[in-house]
Amino acid sequence: MPNGPRVRFAPSPTGFFHVGSARSALFNWLLARQSPTGCFILRIEDTDADRNREEWVEGIISAMAWLGLDLDEGPFRQSDNVETHISAATALLEGGYLYYCDCTGEDVQARKGDTKTPGYDGFCRDRGLSRGPTAALRFKTPRDGVTTVQDLIRGDVEFSNHTIDDFVVAKSSGAVLYALANVTDDRKDAITHVIRGEEHLPNAPKQILLWSALNDVLGDDVALPFYAHLPLLVNEQRKKLSKRKDPVATESYRDQGYVAPAFVNYLALLGWSPRGDEEIVPLTTIIEQFRLQDVSHSPAFFDVKKLSHMNGEYLRAMSSQEFITACGPWVSPWLSAWRPTDRDALWSERQFDAALFARVAPLVQERVATLGEVPAMVAFFFLDELPIDDAAFDKVIGADPLGQALLAAAVERFAEIPWEAPILHAATVELGEAMAMNLRKAQAPIRCAVTGSLVGPPLFESLEYLGREKVIGRLQTALAQCSA
RNA sequence: GGUCCCAUCGUCUAGUGGCCUAGGACAUCACCCUCUCAAGGUGGAGGCACGGGUUCGAAUCCCGUUGGGACUGCCA
């Protein structure tokens, strides 16, 4: 059986699950899914104990599950492999590829009077230091020659070895650092393609050097993986998306009511595009058409507006039943296994009426871009005390005698007609005509009195679903407020 | 500063030497539809950073300039 690509997504759990990470994970996953024998691995790179938190690990796993990026192997934890990392470092040291260095950061900085040397100047390379409590292990980077990164997206990228410093491989504490740990694990997992963000491009030559040194001292000949460095995701200032300053938490998009298929579709469009003019395409098409060599070279701006538009398209493409179900966590969180965080329900379990919501849902389905917008739009159906937009009220009722007159007429008329949307519609037209108001004008005071707002779902259906009693009650309440 | 990457409408992109009068999508503007708001429809404005080459021909290839970015940790 021919082996498909083995790819891994290797995040470090140091914060919320970044949208850039989500895209890296997606592109890795796509490559794995293109082949029946492809393998997608999640490896949590948690060797820096000071910065990792277990809740971030859970965040990564649940966000990936939400996106549908299923694993073939893992999740593995890099911290489970520290023994292997240490023995790799030991082998490298014995093979003459590493040396001990006890320089402090200040020492290194102080010697950097001449600007020529990149990073560390190799001060300890020939001092023959041995292991000690303050001695870190550095890699003896070749002084000459060139290391070429064969990048599937960018082509060959050459680094002169003299521009690469003798980087630290293991801390004085003995802990093996990213460059070596990552390479060691990639060898262990038989990774064939390393697909990651462009910020890792400068790491690639170091890791290639480490890889062949390991082949040498371990006496095996593990094939170097293919590399592919994805363009960065940037903010409006064209800077790399920052965890601190930019809205990058994938979880927060889920909380806002973006749906996974839309989110995945949008993510795929960042640096890649499907054939033809259609951008909203099913995942199967994306898997089918995706090619690393087609990935763009330049940074992409994460455009929430476009995401929202796509999400709206996905929402509208749902059946009513699917839409109603999808709204669950936002309209009836007490019934959901998962619920959005930091979003207080607008109404209580007692006030909510599932059957009513099912009738109302189609009215809002084509009016929202995210599920998070749904509660506010339908709140007037469930709330006992209606929040009223004061400016709207003044405009069409409070400061408008005609509006008040229409309301008063509506109270009488609505009491005696059959309670159906088309009839309510016709009655409102007539009421308006009697006062020289077109329907556009005539519906406004009713809408405001009943829904508290000048904008919202279609009015007459809303009146029908709300029921005669509540509607007339609200009309009277509004009228009473004018005389008060 | 050094190393490296990048450069098509405001944004994401199509474009791999003639199909380009540069296509699509989001955003934006106008109009239509319409009980509000959306959705939908139609139309408009808007781009190859600049300068040199190569070529019969360049958005596409080469060089330079300019601009942007990443990295430069005993983080990943």
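Chain naming here is simple, since letters A, B, ... match the order of the sequence lines and numbering starts at 1 in each. Note that the coordinates shown come from a computational prediction; the quantities given were computed from them, not determined experimentally.
The partner of B:rG1 is B:rU72, judged by Watson-Crick or G-U wobble contacts that both fall below 3.5 Å. Pairing partner, B:rA30: B:rU42, with both Watson-Crick or wobble hydrogen-bond distances short of 3.5 Å. The partner of B:rU21, taking Watson-Crick or G-U wobble pairs whose two distances both stay under 3.5 Å, does not exist in any strand shown. Shown here, B:rA49 forms a base pair with B:rU65; the pair counts as Watson-Crick or G-U wobble because both key distances fall under 3.5 Å. In this structure B:rU55 sits in no base pair that meets the Watson-Crick or G-U test at under 3.5 Å. Remark: B:rC35 base-pairs with no nucleotide in the shown strands. Criterion, Watson-Crick or G-U wobble with two distances under 3.5 Å.
Counting any heavy atom pair closer than 4.0 Å across all strands shown, A:Phe301 reaches sugar-phosphate atoms only and no base atom. In this structure, A:Leu270 reaches the sugar-phosphate backbone alone: every heavy-atom distance under 4.0 Å involves primed, P, OP1 or OP2 atoms, never a base. Residue contacts for A:Gly271: at a heavy-atom cut-off of 4.0 Å it reaches the sugar-phosphate backbone alone, with no base atom in range. In this structure, A:Gln293 reaches neither bases nor backbone, as no heavy-atom distance under 4.0 Å exists between it and the strands shown. Looking at heavy-atom distances under 4.0 Å, A:Ala444 makes no contact with the nucleic acid at all. Residue A:His200 is in base contact, counting any heavy-atom pair closer than 4.0 Å across all strands shown. Among the heavy atoms of the strands, none lies under 4.0 Å from A:Arg275. In this structure, A:Pro458 reaches the bases: a heavy-atom distance under 4.0 Å links it to at least one base atom across the strands shown. Using a 4.0 Å heavy-atom cutoff across all strands shown, A:Cys103 reaches at least one base atom of the nucleic acid. Heavy atoms of A:Glu278 sit nowhere under 4.0 angstrom from any nucleic acid atom.
Note on A:Arg440: a side-chain N or O is less than 4.0 Å away from OP1 or OP2 of B:rU36. OP1 or OP2 of B:rC12 has at least one side-chain nitrogen or oxygen of A:Arg238 nearer than 4.0 Å. Side-chain N/O atoms of A:Lys171 include one lying less than 4.0 angstrom from OP1 or OP2 on B:rC75. Dashed line: the shortest gap from a side-chain N or O of A:Thr134 to OP1 or OP2 of B:rC74 is not under 4.0 Å. Contact annotation: A:His297 reaches the phosphate of B:rC6 (side-chain N/O to OP1 or OP2, under 4.0 Å).
Under 3.5 Å, the side chain of A:Arg367 and the base of B:rC37 form at least one donor-acceptor pair of N or O atoms. Below the 3.5 angstrom threshold, one finds a donor paired with an acceptor across the side chain of A:Arg447 and the base of B:rC35. Judged by atom type and distance alone, A:Asn203 reaches the base of B:rA76 through a side-chain donor-acceptor pair under 3.5 Å. In the interface, the side chain of A:Lys306 is paired with the base of B:rA25 through a donor and an acceptor atom under 3.5 Å apart.
Surrounding NZ of A:Lys243 are more than 12 heavy atoms belonging to other residues, nucleotides or ligands, all under 6.0 Å away.
When ring centroids are compared, A:Phe290 and A:Phe27 come within the 6.0 Å threshold. If you look at A:Trp29 and A:Phe9, their ring centroids are not closer than 6.0 Å. Taking the six-membered ring wherever Trp is involved, the centroid distance between the rings of A:Phe302 and A:Tyr266 falls below 6.0 Å. A distance below 6.0 Å separates the ring centres of A:Phe263 and A:Tyr253.
Considering only side-chain atoms of A:Ser273, the nucleotide from B:rC26, B:rA14, B:rA38 that sits closest is B:rA14. Nearest nucleotide to the A:Val157 side chain, out of B:rU36, B:rA76, B:rC4: B:rC4. For A:Ser296, taking side-chain heavy atoms from C-beta onward, the closest of the listed nucleotides B:rC35, B:rU13, B:rC5 is B:rU13. Proximity note for A:Thr163 (side chain, C-beta onward) versus B:rU13, B:rA25, B:rU3: the nearest is B:rU3. Across B:rU36, B:rA76, B:rU3, the shortest atom-to-atom separation from the side chain of A:Phe159 is found for B:rU3. Side-chain proximity of A:Leu459 to B:rC35, B:rC75, B:rC26: nearest is B:rC35. Side chain of A:Glu366, nearest nucleotide from B:rA38, B:rC35, B:rC71: B:rA38. Listed nucleotides: B:rA7, B:rC5, B:rC12. Nearest to the side chain of A:Ser298: B:rA7. Comparing atom distances between the A:Glu279 side chain and each of B:rG69, B:rA25, B:rC74 picks out B:rA25 as nearest. Here the side chain of A:Lys240 is nearest to one of B:rA76, B:rC6, B:rC71, namely B:rC71.
Taking the ring axis of A:Phe301 as reference, the NZ or CZ atom of A:Lys306 does not stay both within 45° of it and closer than 6.0 Å to the ring centre. With a 6.0 Å cutoff to the six-membered ring centre and a 45° limit on the axis angle, A:Arg138 does not count as a cation-pi contact of A:Tyr100. Remark: A:Arg468 is not positioned above the aromatic ring of A:Phe414, lacking an NZ or CZ atom under 6.0 angstrom from the ring centre and at most 45 degrees off the axis.
A:Phe302 places its CZ atom 21 Å from the P atom of B:rG69, with the value rounded to the nearest Å. One can place NZ of A:Lys239 at 11 Å from P of B:rC71, the figure rounded to the nearest angstrom. In this structure, A:Glu236 atom CD and B:rA27 atom P are separated by 15 Å, rounded to whole Å. The interatomic distance linking A:Glu198 (CD) with B:rA7 (C1') rounds to 12 Å, in whole Å. Note: CE (A:Met310) to P (B:rA39) measures 16 Å, nearest angstrom. Rounded to an integer number of Å, the gap from CZ of A:Phe323 to C1' of B:rA38 is 12 Å.
Toward the 5' end of RNA chain B, the nearer of the two residues A:Val168 and A:Leu232, judged by each one's closest nucleotide, is A:Leu232. Each of A:Ser12 and A:Pro457 was assigned the nucleotide of RNA chain B with the nearest heavy atom; the assignment lying further toward the 5' end belongs to A:Pro457.
Across the C1' atoms, B:rC74 and B:rC62 are found 44 Å apart, a figure rounded to whole Å. Remark: the separation of the P atoms in B:rA38 and B:rC29 is 11 Å, to the nearest Å. Using P as the reference atom, B:rA39 and B:rC26 are 10 Å apart when rounded to the nearest Å.
A salt bridge links A:Glu198 with A:Arg154: at least one charged nitrogen is closer than 4.0 Å to a carboxylate oxygen.
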